Amino acid sequence: MCGIVGIVGKSSVNQIIYDGLTVLQHRGQDAAGIVTIDDGHFRLRKGNGFVRDVFQERHMQRLQGNMGIGHVRYPTAGSSSSSEAQPFYVNSPFGIALAHNGNLTNAAELRELLFKEARRHINTTSDSELLLNILAHELCESKLLELKPDDIFNAVSRVHQVIRGAYAVVSVIIGHGLLAFRDPNGIRPLVLGQRETEDGIEYMVASESVALDIDGFKLVRDVAPGEAIYISESGELFTQQCFDNAKCVPCIFEYVYFARPDSRLNDVSVYGSRVKMGEYLGRKIKREWADLDIDVVVPVPETSCDIALQIAHELDLPYRQGFVKNRYVGRTFIMPGQAERKKSVRRKLNTIEVEFKGKNVLLVDDSIVRGTTSEQIIDMAREAGAAKVYFASAAPEIRFPNVYGIDMPSANELIAHGRDVEEIAEMIGADELIFQSLEDLESAVREENDSLVSFETSVFNGNYITNDIDQNYLESLETTRNDNAKANRPEPLDNGLEMHNEEN
């Protein structure tokens, strides 16, 4: 999962992009990058680490220009090398830089296509570099020295026909403007905002609306699935639907875990959807688990706090913060390997014994993925003196790999794959284990926007919306992207770009 921002402003945009990336840091902690356009040249800085670590004052001073894009990343495809941090750029045509959130499911096919038809070399294993070169190739096809909005939209239409998967994209084209577009299923989120200044209207696109809020931009709307947004250098806005029969099938895991609660995605409050998840799950516990002698409801911070509070309300039970979180440890779900995740849990959380000692505790978390975190948290509750530990998940059992940009590539690393609820409960050490139903989860998100007919829910039911995923693909994914493969993956050779980036 990644976070992207793009801005066309009336003055320097470097600080706005930086601020936007800091509030999208939860979407990726592996690398960060910013590119701006200044006097017809790219100014680029990217590298591994948090936003605050990658960008020092000297870098910000060099990132001049009234137009730019930014990216925060954790790797689902490719390596963790700084050479694969985004944005990427190509010199032809015009000079194009691009950042991407999502995952292309036909990357191997695209790599071959680019070589045979366009003679384009791809220097990394990143599918984002592939996407950039596909876009560049389609823009080259116009053979024009100056692109009009229709020329750009036609190129995006051809891109949609060639690539498959999930993608939200921001791009800047030297001498032209900023281009943003979203995949025809709307799997990954993208929003459009604007703000008025003395010099005119400024526009911003971002993965989540919270990135607009921090810089004083007003949320205009979501970028529609299949739609392209083009903002010229002078600040003129153009939009066009670039795919016939596009439909909105957003990833439901954005609401469960990834997005910040203060964001709105697809006209749904993330916070509101999580409160509803708690309401539905609380009713299920009251209906089907009335015999449980629960003394207290305790959330696993932080995503599940709003969910647990609503469950406590539904059950008329006390809600207590039984864990203290170290805010300076990253999200364990997106740690790069299993060993690192295991080490991080106890560095991240500590118990308040008085809330556990002698009590039957209902722990509430947003989901159970590999089970590592859940098992250790249950152990911590018992060590703090809990008599019984029940565990409730706001999401259903995660049984299948994700191919659309979430780091769940290996089925064998998912604790629910091939196991029933009783087996999972035994493995994580819970006295009882309760999962939200998929129907209730969808209803919780849909309550604020009933036009959302369906969601991307492949991790729960194995139904892949792009209809191009078979067992061979999943086996290949597992071979190349499980934890062992990531640990043993060689780093690509230094291509010299980082020194260039440092100087610019």
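This is a predicted model, so every value here is computed, not measured. Counting begins at 1 with the first residue of the sequence.
Side-chain atoms of His176 come within 3.5 Å of backbone N or O of Leu147 as a donor-acceptor pair. Between the side chain of Asp19 and the backbone N or O of Ile16, no donor-acceptor pair lies under 3.5 Å. Side-chain atoms of Ser126 come within 3.5 Å of backbone atoms of Ser128 as a donor-acceptor pair (strictly under, hydrogens ignored). Asn133 contributes no side-chain N or O that, together with a main-chain N or O of Arg111, makes up a donor-acceptor pair within less than 3.5 Å. Here the side chain of Asp222 pairs a donor or acceptor atom with the backbone of Asp267 at under 3.5 angstrom. Between the side chain of Lys10 and the backbone N or O of Ser234, at least one donor-acceptor pair lies under 3.5 Å. In this structure, Asn101 contributes its side chain and Cys2 its backbone to a donor-acceptor pair below 3.5 Å. In terms of modelled atom types and a separation under 3.5 Å, the side chain of Gln86 and the main chain of His100 share a donor-acceptor contact. Judged by distance alone, with hydrogens and angles left aside, the side-chain atoms of Arg221 form no donor-acceptor pair with the main-chain N or O of Leu192 at under 3.5 Å. No donor-acceptor pair under 3.5 Å is formed between the side chain of Asp38 and the backbone N or O of His41.
Of the listed residues (Cys248, Pro250, Cys251, Pro225), just one forms a side-chain contact (heavy atoms from CB on, under 4.5 Å) with Ile187, and that residue is Cys251. When the options Thr466, Thr105, Asn103 are evaluated for a side-chain hydrogen bond (donor to acceptor under 3.5 Å, both in side chains) with Tyr404, the one that passes is Thr466. The residue from Glu196, Gln194, Arg195 that alone fulfils the side-chain contact (heavy atoms from CB on, under 4.5 Å) condition with Glu202 is Arg195.
Two residues are said to be in side-chain contact when any heavy atoms from C-beta on lie closer than 4.5 Å; Glu233 and Met67 meet this criterion. When side chains are defined from C-beta on, Phe238 does not count as touching Ile152, because their heavy atoms never get closer than 4.5 Å. Residues Phe88 and Asn123 have side chains not in contact (no heavy-atom distance under 4.5 Å, counting atoms from C-beta outward). Side-chain atoms of Tyr203 and Leu178, non-hydrogen and from C-beta on, never get closer than 4.5 Å to each other. Looking only at side-chain heavy atoms (C-beta outward), Leu414 and Val459 stay at 4.5 Å or farther from each other. Glu475 is listed as a side-chain neighbour of Asn472, based on a closest heavy-atom distance under 4.5 Å. Put simply, the side chain of Tyr74 reaches to within 4.5 Å of the side chain of Met1, judged on heavy atoms. Residues Val51 and Val72 are in side-chain contact: their nearest non-hydrogen atoms beyond the backbone lie under 4.5 Å apart.
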Walk me through whether Asn48 and Asp30 qualify under side chain to side chain contact (heavy atoms under 4.5 Å, CB included).
CA-CA 6 Å; Asn48 282 0; Asp30 179 72; 4.2 Å; yes

As a quick check of understanding, evaluate side chain to side chain contact (heavy atoms under 4.5 Å, CB included) for Asn449 and Arg264, giving each step before the final call.
CA-CA 11 Å; Asn449 183 359; Arg264 290 190 69 86; over 6 Å; no

Kindly determine whether Ile4 and Ile69 satisfy side chain to side chain contact (heavy atoms under 4.5 Å, CB included), including the steps that lead there.
CA-CA 7 Å; Ile4 57 176; Ile69 59 177; over 6 Å; no

His26 vs Glu208, side chain to side chain donor-acceptor pair (under 3.5 Å): CA-CA, chis, key distance, verdict
CA-CA 11 Å; His26 60 285; Glu208 298 183 29; 2.9 Å; yes

Taking it one step at a time, do Thr457 and Asn463 satisfy side chain to side chain contact (heavy atoms under 4.5 Å, CB included)?
CA-CA 7 Å; Thr457 57; Asn463 297 328; 5.6 Å; no

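Looking at Glu57 and Gln61, their side chains do bring a donor and an acceptor atom within 3.5 Å of each other. A side-chain N or O of Asn266 and one of Tyr255 form a donor-acceptor pair less than 3.5 Å apart. Residues Ser410 and Asn412 have side chains that never bring a donor and an acceptor to within less than 3.5 angstrom of each other.
Salt bridge status for Arg260 with Asp262: present, with a side-chain N to carboxylate O gap under 4.0 Å. Using a 4.0 Å cut-off between charged side-chain N and carboxylate O, Asp306 and Arg274 make no salt bridge.
In this structure, Gln56 places its CD atom where more than 12 heavy-atom neighbours from other residues, nucleotides or ligands lie under 6.0 Å away. Open room surrounds CG on Asp244; 12 or fewer heavy atoms of other groups in view lie less than 6.0 Å from it. In the displayed structure, Gln471 atom CD is contacted under 6.0 Å by more than 12 heavy atoms of other residues, nucleotides or ligands. Heavy atoms from other residues, nucleotides or ligands lying under 6.0 Å from CZ of Phe94 number more than 12. Atom CD of Glu141 has more than 12 neighbouring heavy atoms from other residues, nucleotides or ligands inside a 6.0 Å radius.
Here the CD1-CD distance, from Ile252 to Glu442, works out to 5.0 Å after rounding to the nearest 0.5 Å. If you take CD on Glu302 and NZ on Lys325, they are separated by 4.0 Å, rounding to the nearest 0.5 Å. Note that CD1 of Ile134 and CG of Leu110 are 5.0 Å apart. Values are rounded to the nearest 0.5 Å. Arg182 contributes atom CZ, which lies 14.0 Å from atom SG of Cys242 (distance to the nearest 0.5 angstrom). The distance from the CZ atom of Phe243 to the CD atom of Glu227 is 14.5 Å, given to the nearest 0.5 Å. The CG atom of Leu104 lies 10.0 Å from the CZ atom of Arg164; values are rounded to the nearest 0.5 Å.
Ring geometry for Phe460 against Phe253 counts as tilted: the plane angle lies between 30° and 60°, on a 0 to 90° scale. Below 30°, between 30° and 60°, or above 60°: for Phe55 and Tyr18 the angle between ring planes is above 60°, a perpendicular geometry.
Arg73 and Ala85 make their closest contact through CD-CA, 4.4 Å (heavy atoms, listed as atom of the first residue, atom of the second, distance). Here the closest heavy-atom approach between residue Ser273 and residue Glu448 is recorded as N-OE2, 4.2 Å. Minimum interatomic distance between Arg188 and Tyr167 (heavy atoms only, all atoms of both residues): CG-N, 4.2 Å. Of all heavy-atom pairs spanning His417 and Ala411, the tightest one is CB-O, 3.2 Å. When every heavy atom of Ile96 is checked against every heavy atom of Leu139, the shortest pair comes out as CD1-CD1, 3.5 Å. Between Leu132 and Leu98, the closest heavy-atom pair is CD1-CB, 3.7 Å.
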